[in-house]
Amino acid sequence: MKVSKRTLGAGEDRVTVTYYQPDPIADLHVIQKRPLAIILPGGGFTFYSQRESEIIALNYLAQGFAAVVVDYRLADQPPVLPTALYQLGTVVAYFRAQAVADHLSPDHFILAGFSAGGYLAALYADHWSAPFLTQALGVASDQLKVNALALAYPVIGLRLGWPSTAPEREAIAGEWPYHEADQLVTAANPPTFIWATQTDELVPVTNAQHYIQALRAAGVSVQSTIYATGPHGLSLARAFTAFPKSYDAADATFGAAFVQPTVAHWFADELDWLDQIWNLTAFWRNQ
């Protein structure tokens with residue numbers, strides 16, 4: 001595996017990514033084309049959660065994907081929008097242009113976002129073909145397309161419970177009006193996999209529910225699961241991504257809720273869904 005930092009774009013749209021490239025499997029006597037997972041970790045626009053970054057990339061790599069983690073614009077350089085969407089478009093267009101050189105399959109790009117990263121992913125899925133984006137980046141819309149979208153406990157609209165204060169909302173959207181992702185869905189949105197928990201204490205589950213309803217109303221293929229229990233920020237919902245007892249000396253039980261065996265099936269479920277919509281078995285076998 002090769003891991004590299006790349007800086008793409010220029011000016012305010014400049015963005016740094018971490019790119020994970022699997023080595024070719026010599027036994028196969030062919031350099032396989034690989035799907036690409038473009039990962040947007042959460043962090044409330046104040047940081048990038050490491051529990052939703054490399055650990056997620058490595059899970060995709062274990063399934064034959066290449067992966068890239070995007071350091072999108074944060075709220076310490078307000079406003080986040082629309083610059084973060086330009087950054088994301090820059091990333092998608094770059095890897096589409098690099099598909100042959102990097103042995104990527106341009107028909108198999110998935111955008112995967114968590115929490116605040118899920119908000120950007122959902123907005124990008126709404127806007128990828130919009131003139132404001134194609135004109136700003138100087139590329140055709142087909143160079144900005146993603147083929148699937150995966151959202152974990154996403155923020156969807158700034159009116160839906162997170163963030164809780166006007167200054168925080170201002171730091172994200174400023175005066176840019178196109179920031180309610182559920183209200184911007186069209187039939188051009190990619191097939192979407194989305195999950196959340198009913199008991200999310202930070203980002204109300206109504207966010208995911210509004211987006212699911214909008215996708216269905218637009219005729220977009222969607223697979224959704226709302227789990228009964230679990231806090232915000234579950235990541236893989238397994239013990240190694242849960243907060244250890246040492247995290248909070250005053251409450252050694254804090255991290256226990258981040259181990260949710262029922263929720264932990266979500267990544268396998270996403271892969272099964274991708275196999276259905278992309279016929280991944282045939283994709284690998286026919287190379």
Side-chain angles (χ1 to χ4, degrees), residues 35 37-42 49 51-53 55-60 62-63 65 67 108-126 146-157 160-162 180-182 185 189-242 255-281:
I38 302 169
I39 300 166
L40 305 180
S49 172
R51 298 171 55 253
E52 299 159 352
S53 300
I55 193 69
I56 302 299
L58 294 177
N59 272 262
Y60 280 110
Q63 301 302 320
F65 287 60
H108 299 88
F109 279 28
I110 181 170
L111 182 58
F114 297 77
S115 189
Y119 176 56
L120 290 183
L123 282 174
Y124 186 85
D126 295 343
V146 292
N147 309 100
L149 174 68
L151 302 176
Y153 38 88
V155 176
I156 291 298
L160 296 176
W162 186 94
E180 300 301 296
D182 59 308
V185 169
N189 278 59
T192 300
F193 180 95
I194 181 171
W195 68 272
T197 62
Q198 194 71 45
T199 57
D200 191 316
E201 79 291 355
L202 184 62
V203 176
V205 69
T206 49
N207 282 263
Q209 291 169 334
H210 274 71
Y211 204 62
I212 293 164
Q213 292 168 2
L215 291 166
R216 289 175 176 163
V220 177
S221 174
V222 57
Q223 179 162 320
S224 63
T225 304
I226 304 298
Y227 297 99
T229 59
H232 187 75
L234 279 171
S235 180
L236 293 171
R238 299 186 181 276
F240 60 88
T241 55
F258 290 84
V259 183
Q260 295 284 340
T262 301
V263 181
H265 292 287
W266 75 262
F267 192 76
D269 290 344
E270 180 189 315
L271 292 170
D272 288 344
W273 171 76
L274 285 173
D275 195 16
Q276 293 170 19
I277 67 169
W278 284 351
N279 196 358
L280 287 175
T281 299

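The first residue in the sequence is number 1, and the count goes up from there.
- The backbone N or O of A239 sits nowhere less than 3.5 Å from a side-chain atom of T241 that would complete a donor-acceptor pair.
- Between the side chain of R216 and the main chain of V222, no donor-acceptor pair closer than 3.5 Å is present.
- The side-chain contact (heavy atoms from CB on, under 4.5 Å) with V155 is formed by just one residue from the set L120, V203, L123; it is V203.
- Across all non-hydrogen atoms, the minimal contact from H232 to E201 is N-OE1, 3.0 Å.
- Rounded to the nearest 0.5 Å, atoms CH2 (W162) and OG1 (T206) are 14.0 Å apart.
- How far CD of E270 is from NE2 of H265: 15.0 Å, rounded to the nearest 0.5 Å.
- Of all the heavy atoms in S235 and I55, the pair that sits closest is OG-CG2, 4.4 Å.
- Using modelled atom types, no side-chain atom of E52 and backbone atom of L40 make a donor-acceptor pair closer than 3.5 Å.
- Looking at L274 and Q63, their side chains never come closer than 4.5 Å, going by heavy atoms from C-beta outward.
- Distance alone, capped at 3.5 Å, places no donor-acceptor pair between the S224 side chain and the I212 backbone.
- Across every non-hydrogen atom of A148 and I277, the tightest pair is CB-CD1, 4.2 Å.
- From Y119, atom OH reaches atom CG of L160 across 9.5 Å, with rounding to the nearest 0.5 Å.
- Applying the ring pair (Phe, Tyr, Trp, His ring centres under 6.0 Å) test to residues at least two apart or on different chains, the pairs with a partner in residues 192-212 are Y153-W195, F193-W273, W195-Y227, W195-W266.
- L234 and A257 make their closest contact through CD2-O, 3.8 Å (heavy atoms, listed as atom of the first residue, atom of the second, distance).
- We find the CG-CZ distance between L149 and F109 to be 15.0 Å, quoted to the nearest 0.5 Å.
- Taking each heavy atom of G118 and L151 in turn, the nearest pair found is O-CD2, 3.5 Å.
- Remark: the backbone N or O of G42 is not paired with any side-chain donor or acceptor of S115 at under 3.5 angstrom.
- By the 4.5 Å heavy-atom criterion applied to side chains, V205 and T197 are not counted as neighbours.
- Summarising the geometry, atom CG belonging to L111 is positioned 9.5 Å from atom OG1 belonging to T192; distances are rounded to the nearest 0.5 Å.
- In terms of modelled atom types and a separation under 3.5 Å, the side chain of N207 and the main chain of I156 share a donor-acceptor contact.
- The closest side-chain heavy-atom distance from I110 to P35 is not below 4.5 Å.
- When all heavy atoms of S49 and P41 are compared, the closest pair comes out as O-CB, 3.6 Å.
- Note that CD of Q213 is 8.5 Å distant from CG of D182, once rounded to the nearest 0.5 Å.
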